[in-house]
S.K.: 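Supplied in structure tokens, the structure appears directly below.
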Amino acid sequence: MLEKLHIFRSIGKHIMPMDFDADDLSIFLTWVETFQIQSGMNDNEEFAGRFFTRILNSFNENTPERNLIKKQNEFLIRGLYSGYDGIVPKNCTEKILTPLAKDLIEFGWSRKLNQVKLKFGELRFYIPEKIDILEQRIENAMFEWGQI
């Protein structure tokens with residue numbers, strides 16, 4: 001089993017701790033790759049690239065944690081959502097995001113994801129399209145998460 005990662009992300013002059021479960025990240029990245037979810041709002045070299053490069057060097061070679069961070073950096077290069085702007089627990093990925101992605105793609109979603117996260121325990125899923133059927137399905141998914 002993978003351990004919880006303890007990472008610090010600098011925001012301006014502030015250092016912000018970022019703790020996340022490596023299992024959650026692994027499941028989430030598999031979801032991204034399966035559905036070919038496109039890059040988020042800060043998935044670029046200036047923000048995410050520098051961050052991943054910095055933390056990559058803080059882990060020993062061939063550790064599961066380092067391999068996950070390498071995968072995030074590879075996603076960044078490939079134009080996939082890297083998780084820099086947010087990830088969710090595996091329970092949410094498996095029960096909510098997987099059926100949500102299937103439905104959104106069927107409804108014509110471009111697969112572009114600006115951000116996904118839990119904020120105050122509530123699911124947030126931001127896409128650039130402002131299409132009623134997509135927004136309705138996302139609202140339903142947010143409601144479903146609140147019922148779990």
S.K.: Applying salt bridge (Lys or Arg N to Asp or Glu O under 4.0 Å) to E33 and R78, what does each step give before you reach the verdict?
M.R.: CA-CA 10 Å; E33 193 158 37; R78 291 171 49 199; 3.1 Å; yes

S.K.: More than 12 heavy atoms of other residues, nucleotides or ligands under 6.0 Å from CG of N57: is that the case?
M.R.: yes

S.K.: So, R137 and E135, do they make that salt bridge, N to O below 4.0 Å?
M.R.: no

S.K.: Can you name the nearest heavy-atom pair linking P99 to E94, along with the distance?
M.R.: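 So the two residues come closest at CD-O, 3.9 Å.
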
S.K.: Do the side-chain N and O atoms of S110 and Q38 include a donor-acceptor pair separated by under 3.5 angstrom?
M.R.: no

S.K.: Would you give the length of the straight line joining atom CG of L76 to atom CZ of F51, rounded to the nearest 0.5 angstrom?
M.R.: 12.0 Å

S.K.: According to a hydrophobic-cluster definition based on side-chain heavy atoms being under 4.5 Å apart (Ile, Leu, Val, Met, Phe, Trp, Tyr only), do M142 and V88 belong together?
M.R.: yes

S.K.: Ignoring hydrogens and angles, tell me if any N or O in the side chain of R50 forms a donor-acceptor pair with the backbone of E46 under 3.5 Å.
M.R.: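 Side chain of R50 to backbone of E46: a pair is present.
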
S.K.: Please enumerate all residues that pass side-chain hydrogen bond (donor to acceptor under 3.5 Å, both in side chains) together with R111, with sequence neighbours excluded.
M.R.: none

S.K.: Quick check on K112: does its NZ atom have over 12 non-hydrogen neighbours (other residues, nucleotides or ligands) under 6.0 Å away?
M.R.: yes

S.K.: Any side-chain to backbone donor/acceptor pair from N73 onto F52? Under 3.5 Å, distance only.
M.R.: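 Not at all, since once roles are kept as given, no pair shorter than 3.5 Å links the two residues.
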
S.K.: If you count heavy atoms of other groups shown closer than 6.0 angstrom to CZ of F143, is the number above 12?
M.R.: no

